[in-house]
Amino acid sequence: MTTLIESDEHRALRAAVSAFARSRAHDGDHGALWQEAAKLGYIGVNLPQEYGGGGGGITELSLILEELGAAGNPLLMMIVSPAICGTVIARFGTDAQKREWLPALADGSRLMAFGITEPDAGSNSHRIATTARRDGASGDWLLTGRKVFVSGVDIADATLVVGRTEDARTGRLKPCLFIVPRDAPGFTRRAIDMELDSVERQFELALDDVRLPAEALVGDEDAGLLQLFAGLNPERVMTAAFAIGMGRHALARAVAYARERIVWNTPIGAHQAIAHPLAQAHIELELARLMMQKAARLYDAGDDAGAGEAANMAKYAAGEACVKAVDQAVHTLGGNGLTREFGLARLITASRVARIAPVSREMILNYVSHQTLGLPKSY
């Protein structure tokens, strides 16, 4: 089912994306970059062809994000708009939702954000307090709650919000997904002041009896976690791609510097104290990429359970490899690693994101210990 060697098609795609991203390496216009990437078919490569997408999968989308990041031009919203929201709508949306959103997500003319994390419900999705209740008279949904750390709400046309509805049979709350337009009455946002150098800003959202039509519900009201994890597994794979790209970018900067920086008549890269840690960083990034590719292919093959395990492992491995690569790159440059000229210092904070979001490395270790190793839970 899988192969360790990339196909000729994938190698050609990787080369094309790399050339494109490097040609735009220093202009800083992420909006224009997004639109141009969309025109080339990169943003919607995983979406169905009948709705204007490329008909590929998370395998191709993660490859594209990795190469954009390796060129220093990562597009964080690729994790959210086509990977999470596009995937969920393609798999579970109504025909009307697919017609409305998928072509626009594919051609880059519209974006979607994704709201799941809450102030009192970070890693524990079972504690999500945003509730959705039906208006018996109209059939509309009314959403009330709060979300935090939602990326790109200011540039998104709508947010896919995770709420909870009451099961009529058991009285228990179950997760459901709703498309909330950015201008919906009662839907407000506040930018979070982050010490993170990123084009995409983070927001806290408030939903105060936001009224939505019945057709705002995505998929089956009773599907619950199945639909939710259809988006979360691609999110983990894409976060791994984001981290690997960032790590490769930092490592390339450090290697170039180590070749050229001469102290005591020899390039510093000739010294094992410099060379070996850079080699280790490269090895760990390559290993993380293999697990990412495995996770993506399992997901594209429809193996949700296998993809869940591999996606968590890939995100863990990539986050650790990225942090180590960035740290070693900065250390290789010494004082220069902290200057704006070389652009590495800003990655110190950014690289931590891959360890923290969308799920912490500790929660991934919990997942592997419980789900893979069969060890008892401590909570």
Side-chain angles (χ1 to χ4, degrees), residues 1-11 13-14 17 42 44-49 53-67 69 78-93 114 116 125 177 219 223-245 247 284-322 354 357-361 363-375:
M1 191 270 297
T2 63
T3 175
L4 296 178
I5 306 301
E6 282 190 336
S7 67
D8 290 342
E9 266 190 358
H10 284 167
R11 282 197 295 270
L13 177 60
R14 191 180 288 280
V17 176
Y42 296 153
V45 70
N46 65 308
L47 301 177
Q49 285 182 312
I58 297 299
T59 299
E60 289 77 19
L61 193 67
S62 61
L63 182 158
I64 289 166
L65 181 57
E66 180 195 339
E67 289 304 320
M78 284 184 69
I79 301 174
V80 182
S81 195
I84 301 175
C85 302
T87 295
V88 168
I89 291 173
R91 284 187 63 174
F92 301 106
F114 179 66
I116 181 171
S125 59
L177 296 157
L225 289 173
L226 172 65
Q227 292 173 175
L228 181 57
F229 283 100
L232 296 187
N233 285 335
E235 181 184 35
R236 283 153 172 70
V237 175
M238 292 295 289
T239 301
F242 186 82
I244 293 165
E284 289 171 18
L285 287 167
E286 287 292 305
L287 292 172
R289 182 202 275 173
L290 282 174
M291 183 55 76
M292 178 190 75
Q293 291 173 327
K294 175 181 178 180
R297 293 184 183 188
L298 285 169
Y299 184 83
D300 290 339
D303 184 353
D304 286 336
E309 179 185 63
N312 276 289
M313 291 182 180
K315 188 269 176 188
Y316 177 93
E320 297 302 298
C322 176
V359 60
S360 71
R361 58 181 177 173
M363 288 306 297
I364 291 177
L365 292 174
N366 281 336
Y367 178 95
V368 172
S369 61
H370 304 153
Q371 301 296 323
T372 304
L373 303 181
L375 294 171

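The basis for the numbers below is simple: all heavy atoms, side chains too, and nothing from hydrogens, waters or symmetry mates.
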Would you tabulate the side-chain donor-acceptor contacts of residues 229-236 under 3.5 Å, counting partners in other chains and residues two or more places apart, or write 'none'?
residue : atom : partner : partner atom : Å
R236    : NE   : N312    : OD1          : 3.1
R236    : NH1  : L232    : O            : 3.3

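Ion pairing of D300 with R297 is absent here, as no side-chain N (NZ or NE/NH1/NH2) approaches a carboxylate O to less than 4.0 Å. The pair E67-R14 meets the salt-bridge criterion, since a charged nitrogen lies less than 4.0 angstrom from a carboxylate oxygen.
Contacts classified as salt bridge (charged side-chain N to carboxylate O under 4.0 Å, His left out) and involving residues 81-93 (residues at least two apart or in different chains) are given here: R91-D304.
With sequence neighbours left out, the side-chain contact (heavy atoms from CB on, under 4.5 Å) criterion links L65 to M78, I79, M238, A241, F242. For Y42, the ring-ring contact (aromatic ring centres under 6.0 Å, His included) partners at least two apart in sequence or on another chain are F20. Partners of R361 under the salt bridge (charged side-chain N to carboxylate O under 4.0 Å, His left out) rule, at least two apart in sequence or in another chain, are E320. Evaluation of the ring-ring contact (aromatic ring centres under 6.0 Å, His included) rule for H370 yields Y379 as partners, not counting sequence neighbours.
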If you apply the rule side-chain contact (heavy atoms from CB on, under 4.5 Å), what do you find for I364 with M313, and how did you get there?
CA-CA 7 Å; I364 291 177; M313 291 182 180; 5.8 Å; no

Kindly determine whether V359 and Y316 satisfy side-chain contact (heavy atoms from CB on, under 4.5 Å), including the steps that lead there.
CA-CA 9 Å; V359 60; Y316 177 93; over 6 Å; no

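The two residues Y367 and G308 come nearest to each other via the heavy atoms OH-C, 3.6 Å. Residues C322 and G247 approach most closely at SG-N, 4.0 Å, considering heavy atoms. Taking every heavy atom of both residues into account, P358 and T239 meet most closely at CD-OG1, 3.4 Å.
The CD1 atom of I244 sits 5.5 Å away from the CD atom of E66 when rounded to the nearest 0.5 Å. The distance from atom OG1 of T87 to atom CG of L61, rounded to the nearest 0.5 Å, is 7.5 Å. Expressed to the nearest 0.5 Å, how far CD1 of I58 lies from CE of M292 amounts to 11.0 Å.
Using modelled atom types, one side-chain atom of S62 and one backbone atom of T59 make a donor-acceptor pair closer than 3.5 Å.
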